[in-house]
A.B. asks: 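Take this structure, written in structure tokens, and hold onto it; I'll ask about it next.
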Protein chains: 2
Amino acid sequence: MTRGRPIAFSPDEAANAAMRVFWARGYESASTRDLLEAMQLSRSSLYQAFGNKEQLFLEALRRYRESLVGRLGRRLVAAPSAMAFLAGLFRETAQEAGSERAALGCLIFNSASELGQHDGLPSQHARQSIAAITALFRQAVARAQAEGDIAPDRDADALASYLTMGMAGLRTLLKSGVDAGQAGQVVELLLDGLRR
Amino acid sequence: MTRGRPIAFSPDEAANAAMRVFWARGYESASTRDLLEAMQLSRSSLYQAFGNKEQLFLEALRRYRESLVGRLGRRLVAAPSAMAFLAGLFRETAQEAGSERAALGCLIFNSASELGQHDGLPSQHARQSIAAITALFRQAVARAQAEGDIAPDRDADALASYLTMGMAGLRTLLKSGVDAGQAGQVVELLLDGLRR
DNA sequence: CCATTTATGGAACGATCGATCCATAAATGG
DNA sequence: CCATTTATGGATCGATCGTTCCATAAATGG
């Protein structure tokens with residue numbers, strides 16, 4: 001059935017390598033040289049397999065979103081309570097302070113900041129990803145209300161946006177070099193805002 | 001005293017024009033072509049007057065910070081109460097939703113996100129600017145405590161960082177295209193977290 | 001074993017990047 | 001008016017950008 005020379009690389013691993021490059025350097029600043037080196041393939045193969053830089057970036061955004069939302073969704077389902085999930089997520093993020101991971105930030109928020117309200121597909125994708133994060137937070141808030149940890153009369157949509165704002169702001173603080181102590185205190189204040 | 005041909009442009013206006021370009025496009029994406037066009041001067045004049053792109057960017061960051069911190073400082077002093085200052089600032093920012101101004105974001109947070117924890121002077125400058133914003137918020141919180149709007153036993157430093165996180169997160173939400181209604185609700189939740 | 005198909009390596013493309021250089025313009029002090 | 005000093009416009013630099021193209025390698029089906 002298949003004819004011709006078979007590819008000598010894993011498209012999956014190559015795409016993940018590209019994602020890491022975009023994550024660390026941003027869309028514009030990530031050069032094709034950087035990408036080729038990290039993906040360990042030749043120019044021809046990159047363009048043959050992924051089209052061009054923008055399409056490769058879209059693939060990276062897609063993978064990042066799918067991985068993030070999937071992981072958080074599973075974690076929410078497995079958590080003993082939605083509030084425990086939210087508190088754990090934000091506290092762990094605060095604990096990243098000072099690490100290389102903290103310096104990376106989040107590819108979605110990074111891209112939203114870099115691309116803003118552009119017309120292109122990457123910008124649209126980033127905005128949709130933020131909406132997906134907010135939707136996940138909304139699920140968590142609704143469950144926390146059902147579990148009695150958040151008052152049922154509070155606006156779940158507003159609280160979800162509040163959490164998205166909190167995560168975006170927290171990631172900015174971590175990028176600006178805030179220490180784990182400060183980040184932890186901020187997160188506790190953020191969580192207090194949830195409980196009442 | 002002064003010899004030679006006088007400059008035919010206003011360095012002050014030129015620097016402000018450069019600041020607006022960096023604000024709208026980011027550091028790396030702002031090309032010297034963009035800058036020259038906005039500043040309305042020739043390459044020679046730019047390099048003669050401002051050194052190079054990085055030094056011009058530093059000047060832009062310096063001006064933005066001075067303008068922002070100065071304006072907010074005056075506004076805080078003039079406000080009937082520190083809490084009124086904070087509520088007004090965040091509510092007005094939320095009202096920018098959907099506007100071109102909202103798409104621009106804040107040059108300081110934009111730069112912190114783009115440059116992260118780099119070694120260079122621009123990154124350092126952005127981090128110091130975030131610290132300056134937090135310091136201003138701390139003043140406001142301390143005054144609000146003295147004025148009875150925030151309980152005196154609360155940690156002013158933590159609340160100041162909480163506000164910086166809130167502003168950074170709010171700017172990200174605005175960039176991602178959230179509407180004024182959602183932004184307004186988020187800000188009210190943020191302000192509730194201040195009062196208790 | 002040959003014709004066909006696909007992947008690969010690398011040269012090369014035009015465009016643009018930030019930066020430098022030089023001839024010329026336009027002011028000054030003497 | 002002339003010598004000097006500084007600013008300006010524009011050509012030009014080497015490097016790098018994203019992308020395309022072509023010759024070659026490596027697999028397949030017949």
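Computed from a prediction, not measured in an experiment: that's the story for all the values here. Every chain is numbered from 1, with letters handed out A, B, ... down the list of sequences. Because only heavy atoms are used, hydrogens play no part in the values below, and waters and symmetry mates are left out as well, while side chains stay in.
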A.B. asks: Any side-chain heavy atom of A:Met39 within less than 4.5 Å of one from A:Phe9?
C.D. replies: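 The answer is no; the side chains never approach within 4.5 Å.
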A.B. asks: In whole angstrom, what separates B:Tyr47's OH from D:dT12's P?
C.D. replies: 18 Å
A.B. asks: Measure CG/A:Leu46 against C1'/C:dG9 and give the value in whole Å, please.
C.D. replies: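 These atoms are roughly 14 Å apart.
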A.B. asks: What is the separation between atom CD on B:Glu37 and atom P on C:dC17, rounded to the nearest whole Å?
C.D. replies: 12 Å
A.B. asks: Does A:Ala8 reach a base, just sugar-phosphate, or nothing at all? Heavy atoms under 4.0 Å.
C.D. replies: sugar-phosphate
A.B. asks: Atom CD1 of B:Ile7 to atom C1' of C:dT28: distance rounded to whole Å?
C.D. replies: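 Spelled out: CD1 on B:Ile7 to C1' on C:dT28 is 16 Å.
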A.B. asks: Using Watson-Crick or G-U wobble pairs with both distances under 3.5 Å, give me DNA chain C in dot-bracket, 5' to 3', with [ ] for crossers and | for pairs to another strand.
C.D. replies: ||||||||||||||||||||||||||||||
A.B. asks: Checking side chain to side chain donor-acceptor pair (under 3.5 Å) for the pair B:Thr134/B:Ser161: CA distance, chi angles, key distance, verdict?
C.D. replies: CA-CA 6 Å; B:Thr134 302; B:Ser161 293; 5.2 Å; no
A.B. asks: As a test of reading the structure: which of C:dG10, C:dT20, D:dG9 is closest to the side chain of A:Arg43, going by heavy atoms?
C.D. replies: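 So the side chain of A:Arg43 is nearest to C:dG10.
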A.B. asks: Heavy-atom nearest nucleotide on DNA chain C for B:Asn52 versus B:Pro6: which residue maps closer to 5'?
C.D. replies: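 The 5'-side residue here is B:Asn52.
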A.B. asks: Would you indicate, yes or no, if C:dG9 has its OP1 or OP2 atom less than 4.0 angstrom from a side-chain nitrogen or oxygen of A:Ser44?
C.D. replies: no
A.B. asks: Expressed as a whole number of angstroms, how long is the span from B:Leu36:CG to C:dG18:C1'?
C.D. replies: 10 Å
A.B. asks: May I ask you to check if B:Lys53 and B:Tyr47 form a cation-pi contact, with NZ or CZ under 6.0 angstrom from the six-membered ring centre and within 45° of the axis?
C.D. replies: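 Geometry flag: not set, cation outside 6.0 Å or 45°.
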A.B. asks: Look at the side chain of A:Ser31 and decide which nucleotide, out of D:dT6, D:dC17, D:dG9, has an atom nearest to it.
C.D. replies: D:dC17
A.B. asks: Would you kindly give the CG-to-P distance between A:Leu35 and D:dT16, to the nearest whole Å?
C.D. replies: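 It is 16 Å, rounded to the nearest whole Å.
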A.B. asks: State which residue, out of B:Ser113, B:Ser176, B:Ser111, fulfils the side-chain contact (heavy atoms from CB on, under 4.5 Å) condition with A:Ser113.
C.D. replies: B:Ser113
A.B. asks: Does the side chain of A:Thr32 get closer than 4.0 angstrom to OP1 or OP2 of D:dG18 through an N or O atom?
C.D. replies: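 Answer is yes, contact under 4.0 Å.
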A.B. asks: Please determine, for the side chain of A:Arg33, which listed nucleotide (D:dT16, C:dC17, D:dA27) has the closest atom?
C.D. replies: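 Looking only at heavy atoms from C-beta outward on A:Arg33, the closest nucleotide is D:dT16.
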A.B. asks: Looking only at the side chain of B:Arg5 (C-beta and beyond, no hydrogens), which of the listed nucleotides D:dA27, C:dT8, D:dT8 gets closest?
C.D. replies: D:dT8
A.B. asks: Does a side chain donor of either A:Arg63 or A:Ser67 reach within less than 3.5 Å of an acceptor in the other side chain?
C.D. replies: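 Checked: A:Arg63/A:Ser67 side chains show no N/O donor-acceptor pair below 3.5 Å.
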A.B. asks: Please examine the side chains of A:Leu61 and A:Phe22, heavy atoms only from C-beta on, and report whether any two atoms are closer than 4.5 Å.
C.D. replies: no
A.B. asks: Test of understanding: with side chain to side chain donor-acceptor pair (under 3.5 Å), list the residues that count as partners of A:Glu100, not counting sequence neighbours.
C.D. replies: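 For A:Glu100, no residue satisfies side chain to side chain donor-acceptor pair (under 3.5 Å) once neighbours in sequence are set aside.
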A.B. asks: Give the rounded distance in Å between these two atoms: CD of A:Glu54 and C1' of D:dG18.
C.D. replies: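 So the CD-C1' distance, A:Glu54 to D:dG18, works out to 12 Å.
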A.B. asks: Counting only side-chain nitrogens and oxygens, does A:Ser42 get under 4.0 Å of the OP1 or OP2 atom of C:dT8?
C.D. replies: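 Negative; the distance criterion is not met.
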A.B. asks: Would you kindly give the CZ-to-C1' distance between A:Phe9 and C:dT8, to the nearest whole Å?
C.D. replies: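 Rounded to the whole Å, the gap is 10 Å.
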